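Below, all heavy atoms of this structure are taken into account, side chains as well, without hydrogens, waters or symmetry copies. For clarity, every value in this text was computed on a predicted model and none was experimentally measured. Chain letters run A, B, ... following the sequence lines, proteins first, then strands; residues in each count from 1.
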Amino acid sequence: MTAYIIRRLIWMVPLLWAVVTITFLLMHAVEGGPFSRERPLPEAALENLNRKYHLDKPVISLDVWDSQYGHYMWDLAHFDLGQSFYVQDREVSTLIKDGFETSLQLGISAFIFAVIFGLALGIISALNHNGPLDYVGVFFSMVGASMPNFILGTFLIVIFAVELGWFDVLGWGGPENWDFWNPLSPDFWKVFVPMNWDFHKVVLPVLALGVLPAAYFARITRASMLEVLSQDYIRTARSKGLSEWAVILRHAVKNAMVPILTVMGPYLAFLVTGSFLVETVFTIPGVGQRFVESVFQRDYGMIMGTTIFYTAFIAFANLGVDLLYAFVDPRIRYS
Amino acid sequence: MAREAVRPLEFEEEFVPRRERGLWSDAYRRLIRNRLALMGLVVLAAIVVVAIAGNYVDAVQRYEPEAQDHQELKEVPSGDHFFGTDHLGRDTWSRVLQGLLISLQVGFGVQIFVLIIGVSVGGAAALGGRAMDNFMMRITDVAYAFPDLLAIILLRSVFQGRDLPLVGGRTQEVVLMIFAIGFVAWVTVARLIRGQMLSLKERDFVIAARAIGAPSSRIVFRHMLPNTLGPVIVAITFGIPLAIFAEAVLGFIGIGIAPPTASLGKLVAEGYGQIQSHIWMVLFPTGAIAMLMFCFTFLGDGLRDALDPRGR
Amino acid sequence: MAANAYRNGELDFTDVNTQELETLRTEFPDEYYKFLHPSTRGLEMQMNVEVLKDLDVRLALSKAIDREALNTVVVQGGNEPSTSWIPEVDGGHPPDAFDAEIGFNEVEAKQHLADAGFPDGAGFPNLTILVGNSPSAVATAEFLQDAFKTVLNIDTTVESVDGATRSDRFTNQEFELFPGGWLHDYPDPENWVLGLFDTGGSLNNYNCSDPDIDALVDKARFNADNTERLAQYKEINELISTRVCGIAPYWHENDHWLVDSNVVGMAENISGNDSSAAGDWNMEAWGLAS
């Protein structure tokens with residue numbers, strides 16, 4: 001097992017390198033640059049900017065070290081993601097860190113919502129198979145899975161924020177300056193204190209982002225539960241005289257979880273990295289929104305930094321999920 | 001005891017031999033019996049017919065999707081304009097139909113692209129030996145590691161404004177869109193096919209076919225591929241609404257199909273600013289997207305149940 | 001989105017999207033402010049393109065644009081239709097000054113096109129209209145495309161690209177028809193001309209090259225007599241507009257703001273010099289009434 005983990009970790013390095021190279025080339029293949037303006041900057045200023053950001057060098061060339069690619073890879077090897085071209089004087093790593101605090105809070109909140117709501121709905125549906133609750137459950141999961149999250153978000157805003165006034169439209173309500181990478185600092189733990197959250201700003205974005213995964217979880221849970229409930233060992237447990245609750249919770253749910261877990265992992269990664277639509281609709285300053293913005297601004301430093309960050313995050317998340325899978329299902333063993 | 005003729009068993013007359021059923025007819029029967037899936041299939045077929053008719057049959061289209069009538073801006077749905085009109089006075093009914101067709105084209109087109117690439121890569125990986133397998137899987141890993149939507153946006157930005165030889169106009173737009181989305185979508189199918197082929201390689205019927213000297217191509221195409229198709233069909237059916245959704249997202253953030261062609265995402269983006277005053281501008285394209293995703297999801301579920309060889 | 005936040009009380013003032021003007025005017029009659037932004041937008045034409053070198057063609061295109069309708073349909077009446085390049089407040093002409101020469105006129109538009117050798121649009125090449133990807137930019141392009149088709153019977157292609165690409169193409173002069181324009185840097189007519197309409201000017205990406213304009217520019221540029229100078233710039237404005245030299249103006253832009261009634265000092269100080277927010281020329285006066 002350890003060998004497996006080490007192998008996966010080592011493999012991440014060439015993987016990241018490949019992703020970085022492809023993104024770099026793609027990014028430069030897009031027309032226009034970071035300093036394209038309808039009213040162009042004065043010649044001298046443009047020259048200085050180009051020189052500062054190495055934009056006057058060829059993108060890639062045989063003399064690798066004299067190309068933009070070479071410069072970038074050199075910096076990257078020193079863990080230096082460079083400066084943002086658009087938000088001048090800010091480091092890319094700072095911008096990503098600031099944005100990720102928010103995206104992480106949003107993603108995890110939506111994930112927790114999706115898991116709780118989806119699992120509960122799926123289990124209830126399965127237990128009430130073909131009954132009224134089942135139909136409601138199936139209907140909800142079908143509708144939820146068909147609604148693009150930015151449209152759902154907009155409708156939620158119109159109904160609940162503007163018309164009813166229950167919630168806010170702008171921004172995010174989680175605690176600011178959350179040091180998520182440092183469990184030792186007090187700033188890390190403040191995220192668990194409900195008092196620090198402004199629920200007026202949290203509910204709608206979490207719903208908008210979380211409904212679709214909730215619907216998927218509900219469907220998979222229902223299917224998995226139905227399959228498990230028809231198994232022999234459930235009948236055995238019942239015939240042994242166990243209470244229905246014990247049967248459900250201890251045997252059925254536990255065994256139904258395996259396929260559910262397989263799906264959940266990628267979803268967590270998706271929720272954290274794919275939230276840019278919801279961020280745009282609710283004006284939440286997360287990483288996703290920054291990425292899209294940086295593509296439109298041709299902020300090369302930011303584009304590269306965000307892609308690398310996301311790729312690394314997803315790679316680690318996948319590894320984590322695979323390990324979790326092995327932990328939960330004793331039949332699986334990695335060599 | 002004299003040697004009597006063995007009398008045939010009595011109940012043979014009542015024994016009705018079961019008709020031999022192949023995998024496909026069996027699956028078909030199961031699919032039809034699943035009412036939700038059947039409904040999805042029927043509604044989808046209806047949508048496809050209406051979408052095609054709505055773009056080529058005048059009586060259905062009623063108005064040119066590009067025709068602007070400045071006297072009838074943002075009209076409420078009426079007998080004349082079924083879905084009302086948009087901010088430039090164009091008939092929303094015809095634009096939604098145009099968008100539906102584009103979405104369907106993108107959705108199916110992406111899956112065809114995915115199928116071709118997926119079969120090639122997955123097949124090559126499974127059948128080409130260790131080295132080829134490793135190489136292909138590494139490529140798949142890289143493609144898989146890319147954050148999907150971000151990659152699509154980048155690709156779309158690279159492709160915007162470029163010209164393809166031979167094709168032009170709207171076809172070119174759709175093709176470029178298909179490329180951008182397809183480039184990230186092929187991975188799942190490739191992996192699926194590889195997995196299927198790898199396990200099939202060891203199955204008896206393949207070994208037998210090889211033993212009697214059947215050429216590889218025949219083995220692959222006549223014996224192996226048909227058996228991989230089950231899960232692949234399901235994956236593709238679920239992939240279509242994902243492609244449609246991706247196109248809607250691109251249209252929404254402004255890098256979708258070129259104007260004045262309507263794509264469902266672009267219609268949503270146009271109506272988005274009017275959501276409080278003229279909600280139907282957003283309601284109908286949203287409804288269309290939801291309907292498509294609905295149908296494909298039901299259908300996909302049904303197909304998965306029907307094609308599952310374990311059967312239930 | 002910003003308007004929603006305003007409605008919800010989360011914002012005290014905000015600029016608003018032209019797509020929502022109708023609703024906002026009726027919803028917030030006392031809090032909606034519109035003020036002139038000394039800017040002009042028009043259809044810029046690349047005069048290096050063969051067919052656009054012909055004045056008749058440019059006049060046909062300009063006369064095919066119903067500026068009133070464009071204003072009503074695309075920005076819900078939010079801007080000021082105009083045929084004058086330099087706004088009156090900066091030493092130009094009133095907005096309707098050149099309506100007769102280049103304003104909307106279907107009959108004359110068709111006539112000009114026929115005079116140029118393309119009766120009823122026959123044989124006219126398919127030109128591309130290059131715009132950005134915001135909803136109002138796309139709507140403008142679609143309107144123009146429809147206008148040219150309906151009035152002149154010519155086909156055009158709309159190309160919508162993102163901001164950086166559009167700027168790049170403009171600077172590299174890779175465009176044919178380009179809805180663009182100018183926003184003044186300082187309130188003087190020379191800012192609307194120098195570098196923009198003199199031959200070889202650094203921003204003259206549409207290649208307007210008119211000897212009469214050049215001659216006047218030489219005279220006006222360093223003219224110490226202000227009255228004479230201003231008169232010369234007015235003449236230049238007339239030449240630019242009536243000869244559709246690189247641009248057919250269609251409106252002056254307004255800014256649209258919602259300002260809550262408990263904000264003081266903002267709405268009262270709106271002036272033509274504001275650059276990004278209502279009354280920001282006099283920002284010190286802003287405050288909240290408590």
(request) Go through the atoms of F296(B) and report whether side chain, backbone, both or neither lie under 4.5 Å from a heavy atom of chain A. (result) neither
(request) For S275(A) and V278(A), indicate whether the former's side chain and the latter's backbone hold a donor-acceptor pair under 3.5 Å. (result) no
(message) Checking F284(B) now: which residues fulfil ring pair (Phe, Tyr, Trp, His ring centres under 6.0 Å) with it, not counting sequence neighbours?
(response) F83(B)
(message) Counting only non-hydrogen atoms closer than 4.5 Å, does L26(A) touch chain B with its backbone (N, CA, C, O), its side chain (CB onward), both, or neither?
(response) both
(message) With a 4.5 angstrom heavy-atom cut-off, is it the side chain or the backbone of V292(A) that approaches chain B, or both, or neither?
(response) side chain
(message) Distance to the ring centre below 6.0 angstrom and angle to the axis at most 45 degrees; does that hold for R138(B) and W11(A)?
(response) yes
(message) Heavy-atom cut-off 4.5 Å, strictly under: side chain, backbone, both or neither for I253(B) against chain A?
(response) both
(request) Classify the side-chain pair S84(A)/D299(A) by whether it contains a donor and acceptor separated by less than 3.5 Å. (result) yes
(message) When you measure from the side chain of Q289(A) to the backbone of T280(A), do you find a donor-acceptor pair of N or O atoms at a distance under 3.5 Å?
(response) no
(message) Within the 4.5 Å heavy-atom criterion, are F113(B) and F108(B) side-chain neighbours or not?
(response) no
Can you give me every donor-acceptor pair (side chain of residues 176-183 of chain B, partner residue at least two apart or in another chain, under 3.5 Å) with its distance?
none

(message) Is it the case that the ring center of Y69(A) lies less than 6.0 angstrom away from the ring center of H28(A)?
(response) no
(request) Select one option (side chain, backbone, both, neither) describing which atoms of A315(A) are under 4.5 Å from chain B's heavy atoms. (result) neither
(request) Select all residues of residues 12-19 of chain A having any heavy atom within less than 4.5 Å of some heavy atom of chain B, and report them by number, or 'none'. (result) L15(A), A18(A), V19(A)
(message) I'd like to check L242(B) versus M293(B) (side-chain heavy atoms, cut-off strictly below 4.5 Å). Are they in contact?
(response) no
(message) Heavy-atom pairs under 4.5 Å with chain A - which of V142(B), V268(B), L292(B), V282(B) has more of them than the others?
(response) V142(B)
(message) Taking every non-hydrogen pair under 4.5 Å, which of T23(A), T154(A), N149(A) racks up the most with chain B?
(response) T154(A)
(request) Please state whether the rings of F298(B) and F294(B) are parallel, tilted or perpendicular, taking 30° and 60° as the class boundaries. (result) perpendicular
(request) Check step by step if ring-ring contact (aromatic ring centres under 6.0 Å, His included) holds for Y72(A) and F24(A). (result) CA-CA 9 Å; Y72(A) 190 75; F24(A) 195 83; 5.7 Å; yes
(request) Evaluate the side-chain proximity of V106(B) to I102(B): yes if any heavy-atom separation is below 4.5 Å, no if none is. (result) yes
(request) Applying side-chain contact (heavy atoms from CB on, under 4.5 Å), run through R95(B) and E270(B) and close with a yes or a no. (result) CA-CA 12 Å; R95(B) 285 180 69 74; E270(B) 283 172 2; 3.6 Å; yes
(request) Report, by ascending residue number, the residues of residues 301-313 of chain A in heavy-atom contact with chain B at a distance under 4.5 Å; give 'none' if the set is empty. (result) T307(A), Y310(A), T311(A)
